[in-house]
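Working notes, beginning with the structure itself.
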There are 2 protein chains.
Amino acid sequence: MVTMSDVAREAGVSTMTVSNVLNGHRRVVAPTRDRVMTAIEKLGYEVNLTARHLRSGRTDTIALIVPSFHDYFSEVADRIAPIVEASGRHLVLERTGARPESEIESLSVARLQMYDGVVLSVAGLDRDQLETVRTRAPIVLLGEREVPARFDHVRLANEEGARLATAHMLARGARRVLVLGGAPGDASGMASLRRAGWEAAHRAAGVPADGALVVPVTTYSARESREVLGGLLEAGLRVDGVFAVTDTVALGAMAALADRGIGVPDDVQVVGFDDLDVGKYLSPSLTTIDPNHDEVARSAIRLLERRMAGDDDPPERVVVPVRLVARGSTRP
Amino acid sequence: MVTMSDVAREAGVSTMTVSNVLNGHRRVVAPTRDRVMTAIEKLGYEVNLTARHLRSGRTDTIALIVPSFHDYFSEVADRIAPIVEASGRHLVLERTGARPESEIESLSVARLQMYDGVVLSVAGLDRDQLETVRTRAPIVLLGEREVPARFDHVRLANEEGARLATAHMLARGARRVLVLGGAPGDASGMASLRRAGWEAAHRAAGVPADGALVVPVTTYSARESREVLGGLLEAGLRVDGVFAVTDTVALGAMAALADRGIGVPDDVQVVGFDDLDVGKYLSPSLTTIDPNHDEVARSAIRLLERRMAGDDDPPERVVVPVRLVARGSTRP
DNA sequence: CTGTTAGCGCATTCAT
DNA sequence: ATGAATGCGCTAACAG
């Protein structure tokens, strides 16, 4: 392996001069710099980033840690990448996977040290697990769970989005709106917040909210959603609207309705949440809540940059506003 | 920061003993090990991975470098992750982005050194760019482009998949099958290989292949595909089958047909390529080519492990077989 | 503007 | 079974 001292010897300078030519921290006069560059070319030298990291204490790399590489997360990742790169850093993705022990492992101080900053998606982590995350590495949490007060946190306006979705259908004549993937009770997770929005819309419209229409799911997959809604329809449940808590759930719901020849939006209206690209291409196209990925990405990186700059103001909680995108799965 | 010598001092041993307790390379008697473990707990010590990397020359991390975090790539990534983790290593994703200079930069030896091995998706890189990749880091290429002979390479049976897709429609009565996203000529890229398969199916069936039905696209997005096919239909082009070179392209094609009230599969049959999950939930569901992501992931990691083990046999080229998945967008 | 000195924290090598 | 010495390749701090 070619090292900096090989280059220094070849160019007749010290290693510091080579270092300065490479990272530009100090001025090097042109003739010297040219000699160094020539030596670098000739020897095919490349800086050893590991050594640089050990010495400088910085990696110029930010990690985005997500539960899976799919759907919502790949959308956010593709938005965060250019923002991170604009400040001359790299973004890498790591996956926590489904297993709790893997989640904890990704969060170990040892792994986190590898990065100048970390954006951690908290889906799949509960509050107790988050409590155990002890690190001085700047970290911003992303997602719909309740998190300990000491973290910066970016999340969506869940309740408001669910309220918009439900109100849109109620205003178009729906009277029995099922919330697929909603959770009863007053927990603070995504499923409960979105169910609360569904309830708020009913209150505002003066329509009674039937608890039998709150239907939880466990995996939030299209497959499960299709099976669950299909089973309820077979069992004779009557609905004229479905608020699916994610677009993936909505996809399964649309399939369950199509399986039975139930017309959308004439017989049943459907609204999702996430504005996945695929929604535009379904027939009918999917009315949904746009979660404003760009704003989520910008906010997360803004908070992270602030921490990386050494700011130690109290943690900030950002709630990103959302908006309804009306398409063909609801009535005009 | 707590270092190994802090722990050694606390436990009354040398740093070597702490190191041995942590990585288990040598035997340490129980009482000594217990003292070390107690000191580690007490001080909250975590190993500094950067220092370990510099010293040991290994990172126990494999990188998957992809053009974007979407679709096909997130599917493959989610399959590679568990295989990598099973051997006690980490997987990280990096994105090259669309810009060639960024692709080159991700491929610099400096970045590649950070990893014990690299799986590089070559979509978006041309052969000349690949020629410039000089590194001793084990690397396996993934994707449908032609690559220099010195690389291990995993790709799909593109032509065979396209042949299966086209033959399936021809056998079901289609006579004017458009290949959306295909490229004319004898280039070796995905678009040309799949067009060649479309042609082969026509030859085998004794149906003339009309060159006017080879329609290239530039972005392979659903949006572009919808616009391109829509434009052709408006212009009066008559087709009774569409072979879309990816499922994303098929999604746009299905939308273009639905926009005009053209029935699938009665008026026009449609087959995609990739077996994205969404295809199962469309109405009608999408007939497609299953690219066998599991086998792609397994092959790529098998080749990589072999190189990382120091094997220097000639490069291996794996062509992963594909199969047709018949669903509702083609006739029974 | 450039060189010298002195480690960053760990694991390999050789010694005991 | 454990320890001492050494240096992986680089850059911060201080000289000159």
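Chain naming here is simple, since letters A, B, ... match the order of the sequence lines and numbering starts at 1 in each.
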Per nearest nucleotide of DNA chain D, the residue lying toward the 5' end, A:Ser5 or B:Met16, is B:Met16

Evaluate the side-chain hydrogen bond (donor to acceptor under 3.5 Å, both in side chains) criterion for residues B:Thr59 and B:Asp116: first the C-alpha distance (whole Å), next the side-chain angles of each, then the deciding distance (0.1 Å), finally the verdict. CA-CA 6 Å; B:Thr59 62; B:Asp116 289 351; 3.2 Å; yes

For nucleotides 14-16 of chain D, which of its nitrogen or oxygen atoms have a protein nitrogen or oxygen under 3.5 Å away, and what is each distance?
unit_1 : atom_1 : unit_2  : atom_2 : d
D:dC14 : N4     : A:Arg26 : NH2    : 3.2

Taking only Lys NZ, Arg NE, NH1 and NH2, and the carboxylate oxygens of Asp or Glu, determine whether A:Glu295 and A:Arg302 approach each other closer than 4.0 Å. no

Using 0.5 Å steps for rounding, measure from the CD1 atom of B:Ile139 to the CD1 atom of B:Ile62. 12.5 Å

Would you say C:dA11 has OP1 or OP2 under 4.0 Å from some side-chain N or O of B:Ser19? yes

With heavy-atom distances below 4.5 Å as the criterion, would you say the side chains of A:Glu10 and A:Lys42 are in contact? yes

If the cut-off is 4.0 Å, is B:His25 near the phosphate of C:dA11, judged by side-chain N/O to OP1 or OP2? no

Within less than 4.0 Å of OP1 or OP2 of D:dG3, is there a side-chain N or O belonging to B:Thr17? yes

Among D:dA1, D:dC10, C:dC10, find the nucleotide with the atom closest to the side chain of B:Val29. D:dA1

Could you work out which one of C:dC1, C:dT4, D:dA1 sits closest to the side chain of B:Arg27? D:dA1

Contacts of A:Glu305 that satisfy salt bridge (charged side-chain N to carboxylate O under 4.0 Å, His left out) - sequence neighbours left out: A:Arg89

Contact residues, residues 48-61 of chain A to DNA chain D [heavy atom, < 4.0 Å]: A:Asn48, A:Ala51, A:Arg52, A:Arg55

Could you tell me whether the side chain of B:Val140 reaches within less than 4.5 Å of the side chain of B:His153, counting heavy atoms only? no

Closest approach of A:Val2 and A:Asp6, non-hydrogen atoms and distance? CA-OD2, 3.5 Å

For the backbone of B:Asp311 and the side chain of B:Arg307, can you confirm whether one donor and one acceptor N or O come within less than 3.5 Å of each other? yes

